[in-house]
Amino acid sequence: MAALAEGLHETELERRTITGADGAAVEFIHARTAGMPVRGVVVHPDIMGVRPLFDDLCRRLASHGLAVAAAEPFARVADRASLEPAQRMERVAQLDDDLQLGDLERAANFLVVEDGVTDVAVLGFCMGGMYSLKAAATGRFDRAVAFYGMIRVPKGWRGPHLHEPLESAQDVCPTLAFFGGSDAFTPKEDIDALRDAWSDRPDCEIVVYDEAEHGFVHDADRQAHRADDAADAWRRTLVFLSAD
């Protein structure tokens with residue numbers, strides 16, 4: 001996670017659970033600045049979910065004066081710890097948007113109660129970026145950041161309880177979206193469709209890194225990682241999250 005520079009604040013980190021709308025126990029990471037947080041951020045991880053990589057990411061975000069919560073997206077899958085990426089992708093079609101978005105909203109409410117923040121953003125990567133685009137339209141979040149989130153649900157992921165991010169794209173809160181120009185999950189025509197949906201939204205911005213593939217920001221160990229692009233994306237993100 002070297003591309004996200006450490007902030008100036010000491011941090012505290014723990015694992016907690018929240019109760020979903022269906023009664024499920026949803027594990028989440030809670031990180032906060034040791035002082036009074038200025039804003040909250042709810043993180044939707046990539047398809048591999050809550051793990052040490054996201055402990056570090058949440059801690060680094062918190063070091064910039066934030067309260068952060070990252071919820072496990074496969075909380076209702078009993079064998080999630082043993083699933084490989086391809087197996088998790090097969091399970092996406094079984095997810096329920098109401099529950100997924102509800103978990104994000106409950107995480108936001110936790111930050112409001114626990115950390116005293118009133119402004120809460122949502123931020124996500126890959127599948128989490130897709131859900132950040134959807135969460136941005138719920139009315140719960142003050143701003144959103146989507147890292148290479150799918151603008152249209154991939155064919156193999158479509159299920160009866162998953163909606164298309166484009167359906168609600170015009171209703172989002174101020175949103176910053178990052179894409180790779182060489183990412184097969186977000187082809188140019190999808191990015192253009194999102195750009196059209198935001199044509200009258202000066203508070204929404206799309207940033208495309210032409211040579212980047214999928215997953216170029218959040219995991220420095222990935223072959224697709226691009227240090228300069230990732231550092232620029234994080235710089236833009238921190239500015240966006242701190243804007244009044």
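Throughout, numbering of the chain's residues begins at 1 and tracks the sequence. These values consider heavy atoms only, across backbone and side chains, with no hydrogens, waters or symmetry-generated copies.
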What distance separates [X] [atom1] from [Y] [atom2], expressed to the nearest 0.5 Å?
X	Y	atom1	atom2	value
Phe216	His225	CZ	NE2	10.0 Å
Glu213	Asp183	CD	CG	8.0 Å
Gln100	Glu105	CD	CD	12.0 Å

Taking the side chain as everything from C-beta on, heavy atoms only, tell me whether [X] gets closer than 4.5 Å to [Y].
X	Y	result
Arg152	Pro187	no
His161	Asp97	no
Leu133	Thr175	yes

Hey, is the main chain of [Y] close enough, under 3.5 Å, to the side chain of [X] for a donor-acceptor pair?
X	Y	value
Arg32	Glu12	no
Arg201	Gln170	yes
Trp198	Ala169	yes
Arg51	Gly49	yes

Open item on the list: Please evaluate residues Phe74 and Arg88 with respect to the criterion side chain to side chain contact (heavy atoms under 4.5 Å, CB included), reporting the C-alpha separation (whole Å), side-chain torsions for both, the decisive distance (0.1 Å), and the verdict.
Closed with: CA-CA 8 Å; Phe74 288 93; Arg88 285 185 174 235; 3.3 Å; yes
Minimum heavy-atom separation for [X] and [Y], please, with both atom names.
X	Y	value
Cys204	Val172	SG-CG2, 3.7 Å
Ala233	Phe147	CB-CE2, 4.1 Å
Thr17	Phe28	C-CE2, 3.4 Å

Open item on the list: Which residue in the set Val41, Asp119, Val122 passes side chain to side chain contact (heavy atoms under 4.5 Å, CB included) when paired with Arg143?
Closed with: Asp119
Open item on the list: Take a 6.0 Å sphere around CD of Gln223 and say whether it holds more than 12 heavy atoms from other residues, nucleotides or ligands.
Closed with: no
- [ ] Please lay out, stage by stage, how Asp115 and His30 fare under the test side-chain hydrogen bond (donor to acceptor under 3.5 Å, both in side chains).
- [x] CA-CA 10 Å; Asp115 298 316; His30 176 222; 2.8 Å; yes
TODO: Return yes if a side-chain donor-acceptor contact under 3.5 Å exists between His218 and Asp46, otherwise no.
DONE: yes
TODO: Verify salt bridge (Lys or Arg N to Asp or Glu O under 4.0 Å) between Asp55 and Arg15, making sure each step is shown before the conclusion.
DONE: CA-CA 9 Å; Asp55 286 316; Arg15 292 288 184 96; 2.8 Å; yes
